[in-house]
Engineer: 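Quick one: the structure is below, and I'll ask about it shortly.
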Amino acid sequence: MHGLFNRAIQCFLRDTYGPALWLAVTRRAQLGFEGFETMLTYDPSLTEAVLAAAATELNRPRDTVLEDLGTYLVSHPNVEALRRLLRFGGASFVDFLYSLEDLPDRARLALPELELPALEFADLGEGHFRLRCRGHVRGIGHVVVGLLRAMADDYGALVLLDHAGSDSGGEVVTIDLLDHSHASGRRFHLSADLG
Amino acid sequence: MRAPGPDIGLGPEALDRLMPLHLACDARGHVVSVGPTLAKLSGRRRLIGAQVQEILALRRPAAPATVEALRLRAGTLALALATDPAVTFRGLAVPSAGGGLFLNLSFGIGVTEAVRRHSLTVEDFAATDLTVEMLYLVEAKSAVMDELRSLNQRLQGAREAAEERALTDQLTGLRNRRALDLQMKALIGQGMVFGLMHIDLDFFKQVNDTHGHAAGDHVLREVARVLREETRASDLAARVGGDEFVLVFPGLADAARLVRIARRIIARLSRPIDYEGRACRISASIGVTLSAYYDRPEAERMLFDADAALYASKRAGRAQVQLFTRSDGDTDGALAGRDIA
């Protein structure tokens with residue numbers, strides 16, 4: 001498992017619940033070290049151990065933890081770089097949705113060894129969309145729900161999101177766009193210096 | 001490629017969408033059309049009817065972008081914004097009907113600067129333009145580089161900590177045998193004079209036996225504190241065995257001064273050390289030698305000699321210091337301690 005995923009979970013837990021919670025998670029998961037490195041590779045079982053430990057420590061369902069992780073990835077100032085990279089996907093929320101299928105290829109341009117979950121997008125018409133996600137982590141669809149919710153906020157779009165279980169193609173996320181310019185959203189400049 | 005003859009029939013709006021960085025002028029250099037992004041960059045309110053050189057300047061070599069100059073320079077043009085020369089373009093000019101010119105521009109490698117200075121957004125680029133992809137890559141790469149840089153810094157910190165541990169005695173925080181060997185080798189290599197003091201605690205075994213190992217560890221840490229306080233920052237204090245210590249004094253070649261330091265250390269170590277209300281009593285025997293005593297100082301030899309002087313102190317009744325000396329008439333250099341007390 002690429003360290004980027006593990007590091008993302010670590011930063012989410014640390015930034016949201018504090019360093020003490022993260023330390024408790026490392027102990028419960030029996031990591032034997034205090035933190036992940038973004039640029040190293042780890043055994044996938046460690047990711048599962050950390051997620052299980054976090055769910056226990058926080059006394060919250062694993063799915064909820066994953067969804068909050070997705071929201072954190074887009075909305076927390078410490079990971080602003082990721083929000084910016086996602087905003088390059090398009091000028092509107094719908095453009096952004098369409099760009100999601102390109103996301104794994106885009107990510108590989110920067111980090112050739114990075115395997116993002118495969119995303120398959122379908123426009124069902126009249127503002128209804130469906131996204132299938134297939135990744136290494138069970139429940140990746142919940143991360144996607146949290147992430148899309150935060151991105152919709154970012155674009156100022158009003159959406160209904162739902163994790164509709166799994167089928168043979170992977171986990172299914174449904175997206176109903178109620179209003180594509182509900183609020184003004186956050187500004188996005190192409191230059192990082194301007195935000 | 002297109003069929004000869006009929007006009008393609010693109011209106012101004014189509015031109016603006018296809019080529020947001022275009023500029024068209026008539027035969028006398030009056031601007032007749034400007035793409036929306038170029039208009040935004042120029043910052044001028046009235047563009048139609050202005051002269052081309054009010055909006056663009058030629059580079060390499062620098063010159064006003066008059067219609068004549070543009071016509072003269074064949075092929076790809078190097079251009080800049082007349083009002084902001086930091087914004088540069090590559091351009092292509094083709095003749096248009098009636099002797100005018102049609103220019104289409106793109107940002108060169110300086111695109112990040114142009115985007116920053118003029119707050120450009122996705123909408124300012126044609127949908128077919130790869131510039132936005134390039135900006136994405138620049139940003140993704142710098143995010144990756146930031147991560148690598150911080151990883152390198154953490155690894156460097158870990159390496160330094162590991163090196164420090166490799167030279168430190170974990171119990172007392174003094175240097176260890178390895179650090180001592182490196183230091184002596186360095187001083188000998190530089191030809192610097194130095195004093196060497198070998199210290200062995202007296203009655204330490206009794207402290208361990210009577211009060212336990214925790215008390216013994218506490219005593220060793222107290223000894224370390226005394227040794228640190230009685231030496232300069234440039235001196236080296238090492239724990240080289242259970243209750244043995246070696247001090248190195250770079251630049252010190254004065255035997256009398258070393259002996260004074262040794263006596264002060266003995267006096268301080270002879271005071272009872274409190275451990276959880278119990279008084280632990282030790283003292284110290286010390287042997288001293290100086291690099292100046294040797295034609296060609298060697299670390300092993302000097303440590304051996306300091307050790308010999310130390311045992312002379314022990315034999316003489318403990319809690320004293322002896323200076324190493326060669327016994328008279330002993331051609332083998334066999335050693336005896338000389339009590340300078």
Side-chain angles (χ1 to χ4, degrees), chain A residues 2-8 10-11 33-42 73 78-96 98-100 102-114 116 154-155 184-195, chain B residues 16-17 20-21 36-38 40-41 81 84 86-88 106-159 161-162:
Chain A
H2 199 283
L4 195 59
F5 292 103
N6 297 329
R7 179 87 179 173
Q10 173 185 339
C11 292
F33 51 90
E34 283 186 11
F36 292 104
E37 290 293 350
T38 312
M39 293 296 156
L40 302 180
T41 306
Y42 297 90
L73 289 176
N78 286 5
V79 281
E80 169 72 8
L82 182 62
R83 176 190 88 92
R84 286 192 50 80
L85 290 177
L86 288 170
R87 281 291 296 253
F88 272 101
S92 72
F93 185 63
V94 174
D95 287 348
F96 162 74
Y98 271 98
S99 78
L100 284 173
D102 293 337
L103 200 59
D105 288 332
R106 277 174 173 264
R108 264 194 294 275
L109 279 178
L111 276 175
E113 70 277 19
L114 183 62
L116 282 191
D154 216 272
Y155 277 104
S184 57
R186 282 171 73 188
R187 287 179 67 81
F188 175 67
H189 284 288
L190 289 176
S191 169
D193 297 346
L194 303 170
Chain B
D16 284 354
R17 283 185 67 195
L21 281 174
T37 305
L38 184 55
K40 178 174 173 177
L41 288 168
L81 212 55
D84 183 0
V87 177
T88 57
S106 77
F107 291 105
I109 199 73
V111 62
T112 47
E113 181 67 8
V115 164
R116 192 180 66 77
R117 293 168 77 95
H118 294 276
S119 310
L120 298 182
T121 67
V122 182
E123 289 91 337
D124 290 318
F125 294 88
T128 48
D129 191 337
L130 280 178
T131 301
V132 175
E133 305 297 318
M134 196 178 107
L135 293 171
Y136 167 85
L137 257 188
V138 167
E139 210 162 310
K141 279 288 173 202
S142 47
V144 169
M145 288 307 291
D146 284 348
E147 279 299 327
L148 281 176
R149 207 173 297 115
S150 83
L151 172 61
N152 277 339
Q153 272 164 6
R154 282 194 295 274
L155 287 178
Q156 174 69 6
R159 199 179 69 109

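In what follows, every chain begins at residue 1, and chains take the letters A, B, ... in the order their sequences are listed.
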Engineer: By a 4.5 Å heavy-atom criterion (distance strictly below it), what part of A:L109 contacts chain B: side chain, backbone, both, or neither?
Structural biologist: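 Both the backbone and the side chain of A:L109 come within 4.5 Å of chain B.
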
Engineer: Tell me whether B:T37 contacts the main-chain N or O of B:L21 through its side chain, where contact means a donor paired with an acceptor under 3.5 Å.
Structural biologist: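 Here the side-chain-to-backbone pair does not exist.
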
Engineer: If I measure from the heavy atoms of chain A, does B:E139 come under 4.5 Å with its side chain, its backbone, both, or neither?
Structural biologist: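 Both backbone and side chain.
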
Engineer: Kindly say whether A:T38 contributes a backbone atom to a donor-acceptor pair with the side chain of B:E147 at under 3.5 angstrom?
Structural biologist: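 Absent.
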
Engineer: Measure the CG-CZ distance between B:L135 and B:F125 for me, rounded to the nearest 0.5 Å.
Structural biologist: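 Going from CG on B:L135 over to CZ on B:F125, the span is 6.0 Å.
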
Engineer: Side chain, backbone, both or neither: which part of B:L137 has a non-hydrogen atom closer than 4.5 Å to chain A?
Structural biologist: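 It is the side chain, since no backbone atom gets that close.
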
Engineer: Using non-hydrogen atoms only, which part of A:R106 is less than 4.5 Å away from chain B: side chain, backbone, both, or neither?
Structural biologist: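 Both parts, backbone and side chain.
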
Engineer: Ignoring hydrogens and geometry, is there a side-chain-to-backbone donor-acceptor pair from A:H2 to A:L4 under 3.5 Å?
Structural biologist: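 Judged by distance alone, yes, a pair lies under 3.5 Å.
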
Engineer: Between CG of B:L151 and CG of A:L40, what distance do you get to the nearest 0.5 Å?
Structural biologist: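 It comes to 5.5 Å.
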
Engineer: Does any heavy atom of chain A fall under 4.5 Å from the side chain of B:E113, the backbone, both, or neither of them?
Structural biologist: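 When you check distances to chain A, no heavy atom of B:E113 falls under 4.5 Å.
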
